[in-house]
Protein chains: 2
Amino acid sequence: MTKPAGRPIGLTLARTAKVVGRAFEDTLAAAGGSTPIWLILISLKKQPTSNQRELAAAVGIQGATLTHHLNAMEADGLITRRRDPANRRVHQVRLTEQGETLFHRLATAARTHDQRLRTGFGEDELATLERLLGRMRTNVADDDTLPEGPLEH
Amino acid sequence: MTKPAGRPIGLTLARTAKVVGRAFEDTLAAAGGSTPIWLILISLKKQPTSNQRELAAAVGIQGATLTHHLNAMEADGLITRRRDPANRRVHQVRLTEQGETLFHRLATAARTHDQRLRTGFGEDELATLERLLGRMRTNVADDDTLPEGPLEH
DNA sequence: TATTGTTATACTCTATAACTATA
DNA sequence: TATAGTTATAGAGTATAACAATA
C-alpha cells in the first residue's frame with residue numbers, strides 16, 4: 001500500500017516541545033527571564049555588538065517584534081542601543097552590566113534545565129538525538145514550497 | 001569529572017520545535033485550522049463524547065482556555081455542547097458533520113507535514129527519535145527535582 | 001462544600017503596515 | 001529610492017480570578 005506511516009512524529013515532537021518548553025519557561029521565569037530574552041542574550045554574547053537585523057534573524061523573529069523586546073530590555077537596564085557612527089541608520093545593541101548579570105543567572109537556569117533533560121541519557125544517545133533533530137530541521141528548512149527562510153542578504 | 005555538558009539539548013529541541021512547529025501551523029492554517037483546534041479534534045475523535053475537563057487535560061491547556069476555543073468552534077459549527085442528563089454540570093462535547101469534515105482535512109494536512117518530516121529517515125531512526133523524545137518528556141514530567149521555583153527577587 | 005464550566009480581564013509573543021531617519 | 005529601525009495596531013493563545021449552576 002501507500003505508507004505504513006507509523007505514529008505522527010510531528011505530534012510527538014510538538015507534544016515534547018510543549019512540555020519541555022513550559023518547564024524551561026518556568027525555570028527562566030523563576031530566574032527573572034523569558035525565552036525571547038534568553039535567546040537575545042545568547043545572541044548578544046556571541047556577537048557583542050550586533051545590529052538589530054542580525055539579532056532578529058538569529059532569534060527567528062521579525063524586526064518589529066525584536067524592537068518590542070529590546071524596548072523592555074532597555075527599560076530594564078539590560079541593554080543599550082546606540083547608533084553606529086559609520087552608518088547612523090544602524091543601532092548597535094550591547095549588553096550592560098545588568099544584562100551580563102542576568103545572562104549568567106539564566107545560563108545557570110538553562111544548565112539546570114539541561115541537566116534535567118539529560119537524566120538517564122548517554123552521551124551517544126544525546127548525540128543521536130541532536131543529529132536526528134538537526135536533520136528534521138533541515139527537512140522543513142530545505143523546502144522548495146515554503147519560503148521559511150530565516151536569513152538572506 | 002564534572003559534566004562535560006555538551007551542547008544544550010534543550011536549545012536544540014526548542015529551535016527544532018520552533019521551525020517545525022511554524023511549518024505545521026502554516027500547513028494547518030492553509031487547511032483552515034490551527035494547532036489547538038487540531039489537538040481538540042484529535043481528542044474528540046478518540047473520545048467521541050468527552051467532557052471539557054478531559055479535553056483540557058488531553059490538550060494540555062486550562063479549562064478557561066478550552067472554553068475560549070470551544071466557543072469559537074461552536075460558533076463555526078464544528079462542535080456541539082450539551083449537558084449530560086446524568087450529571088448536568090458536565091457538558092458533553094461532540095463533533096458535528098462540519099467538524100468531521102475539518103478533521104479529515106486537517107488529518108490530510110498533518111500527514112503531508114509528517115511525510116515532509118520523515119524525508120530521509122529510516123523507520124528505525126524514527127522509532128529511536130520517538131523513544132528518545134518520550135524519555136525526555138518523562139524527565140520533565142517525573143518532576144522530583146524541580147517542583148517550582150523557590151522565591152526569588 | 002465540591003465540582004464543572006463560563007465570563008471577565010489581562011498578559012506574552014508575534015505579526016503587518018505605516019512611519020521616521022538616514023543613506 | 002533603499003535600508004534600519006520604530007510606532008501603531010491587532011490577533012492568537014494562554015492564564016487567573018470571580019462567578020453560576022449543579023451535585
Side-chain angles (χ1 to χ4, degrees), chain A residues 14 17-19 21-26 28-29 32-40 49-76 79-94 147-153, chain B residues 14-15 17-19 21-26 28-30 32-40 49-76 79-94 148:
Chain A
K18 186 175 200 169
V19 172
R22 279 192 185 175
F24 188 39
E25 281 160 26
D26 291 346
L28 287 178
S34 69
T35 304
I37 288 177
W38 174 229
L39 295 178
I40 290 167
T49 56
S50 306
N51 67 50
Q52 298 190 195
R53 221 165 170 59
E54 293 166 344
L55 264 181
V59 176
I61 57 180
Q62 293 304 118
T65 305
L66 179 66
T67 295
H68 167 78
H69 291 300
L70 292 184
N71 286 346
M73 291 174 74
E74 192 174 38
D76 284 352
I79 56 143
T80 56
R81 281 184 278 197
R82 70 177 225 284
R83 288 170 181 276
D84 181 346
N87 180 346
R88 290 179 44 76
R89 285 175 303 190
V90 172
H91 290 204
Q92 287 181 341
V93 180
R94 290 171 59 183
E148 184 92 24
L151 183 71
E152 205 63 48
H153 51 260
Chain B
R15 204 149 62 97
K18 186 175 201 169
V19 172
R22 279 191 184 176
F24 188 39
E25 281 160 26
D26 292 346
L28 287 177
S34 69
T35 303
I37 287 177
W38 173 231
L39 295 177
I40 290 167
T49 57
S50 306
N51 67 50
Q52 299 189 196
R53 217 163 173 63
E54 292 166 344
L55 264 182
V59 176
I61 57 180
Q62 293 303 118
T65 305
L66 179 66
T67 295
H68 167 78
H69 291 300
L70 292 184
N71 286 345
M73 292 175 74
E74 192 173 39
D76 285 351
I79 58 143
T80 58
R81 282 184 277 198
R82 71 179 225 282
R83 287 170 182 277
D84 181 346
N87 179 347
R88 290 180 43 76
R89 285 176 303 191
V90 172
H91 291 203
Q92 287 180 341
V93 180
R94 290 171 59 184
E148 193 55 30

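Naming convention: chains lettered A, B, ... in sequence-line order (proteins, then strands); numbering from 1 in each chain. Not measured: the values here are computed from a predicted model.
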*Can you check each nucleotide of nucleotides 18-23 of chain D against protein heavy atoms at under 4.0 Å and return B for base, S for sugar-phosphate only, - for none, in 5' to 3' order?*
---SBS

*asked:* Using every non-hydrogen atom in the two residues, find where V93(B) and I79(B) come nearest and quote the distance to one decimal.
replied: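 Looking at all heavy atoms of both residues, the closest pair is CG1-CD1, 4.0 Å.
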
*asked:* Quick check: closest heavy atoms across L55(A) and S50(A), and the distance to 0.1 Å?
replied: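 L55(A) and S50(A) have their closest heavy atoms at CG-CB, 3.9 Å.
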
_Phosphate OP1/OP2 of dC13(C) contacted by S34(A) side-chain N/O (<4.0 Å)_ =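 Result: yes.
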
*Do the side-chain N or O atoms of R22(A) get closer than 4.0 angstrom to the phosphate oxygens (OP1, OP2) of dA15(D)?*
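Indeed, a polar side-chain atom of R22(A) lies that close.
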
Please report, rounded to the nearest Å, how far the [atom2] atom of [N] is from the [atom1] atom of [X].
X: H91(B); N: dT3(C); atom1: NE2; atom2: C1'; value: 12 Å
X: H69(B); N: dT14(D); atom1: NE2; atom2: C1'; value: 7 Å
X: M73(A); N: dC13(C); atom1: CE; atom2: P; value: 11 Å
X: R53(B); N: dA2(C); atom1: CZ; atom2: C1'; value: 11 Å
X: K18(A); N: dG13(D); atom1: NZ; atom2: P; value: 11 Å
X: H68(B); N: dA17(D); atom1: NE2; atom2: P; value: 19 Å
X: E25(B); N: dG13(D); atom1: CD; atom2: P; value: 8 Å
X: L70(B); N: dA12(D); atom1: CG; atom2: C1'; value: 16 Å

*Kindly compute the distance separating CZ (R83(A)) from CD (Q92(A)), expressed to the nearest 0.5 Å.*
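Here the interatomic distance stands at 12.0 Å.
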
*Nearest-0.5 Å distance that lies between atom CD in Q62(A) and atom OG1 in T67(A)*: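 Here the rounded value is 11.0 Å.
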
_For V59(B), run the side-chain contact (heavy atoms from CB on, under 4.5 Å) check against I37(B), I40(B), T35(B), T65(B) and tell me which one passes._
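Among I37(B), I40(B), T35(B), T65(B), the one meeting side-chain contact (heavy atoms from CB on, under 4.5 Å) with V59(B) is I40(B).
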
*Take K18(A) and L39(B) through the side-chain contact (heavy atoms from CB on, under 4.5 Å) test and state the conclusion after the steps.*
CA-CA 12 Å; K18(A) 186 175 200 169; L39(B) 295 177; 4.2 Å; yes

*salt bridge (charged side-chain N to carboxylate O under 4.0 Å, His left out) pairs, two or more places apart, involving residues 59-76 of chain B*: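 Residue pairs passing salt bridge (charged side-chain N to carboxylate O under 4.0 Å, His left out), neighbours aside: E74(B)-R81(B).
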
*Out of dG5(C), dC13(C), dG13(D), which has the shortest distance to the side chain of P36(A)?*
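Nearest nucleotide to the side chain: dC13(C).
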
*asked:* If you take any heavy atom closer than 4.0 Å to DNA chain C, which residues from residues 56-67 of chain B end up in contact?
replied: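 Per residue number, the list reads A64(B), T67(B).
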
_More than 12 heavy atoms of other residues, nucleotides or ligands under 6.0 Å from CZ of R94(A): yes or no?_
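Check fails, neighbour count at 12 or below.
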
_Flag side-chain contact, heavy atom, 4.5 Å: H69(A) against I61(A)_ =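 Yes, close enough: below the 4.5 Å cut-off.
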
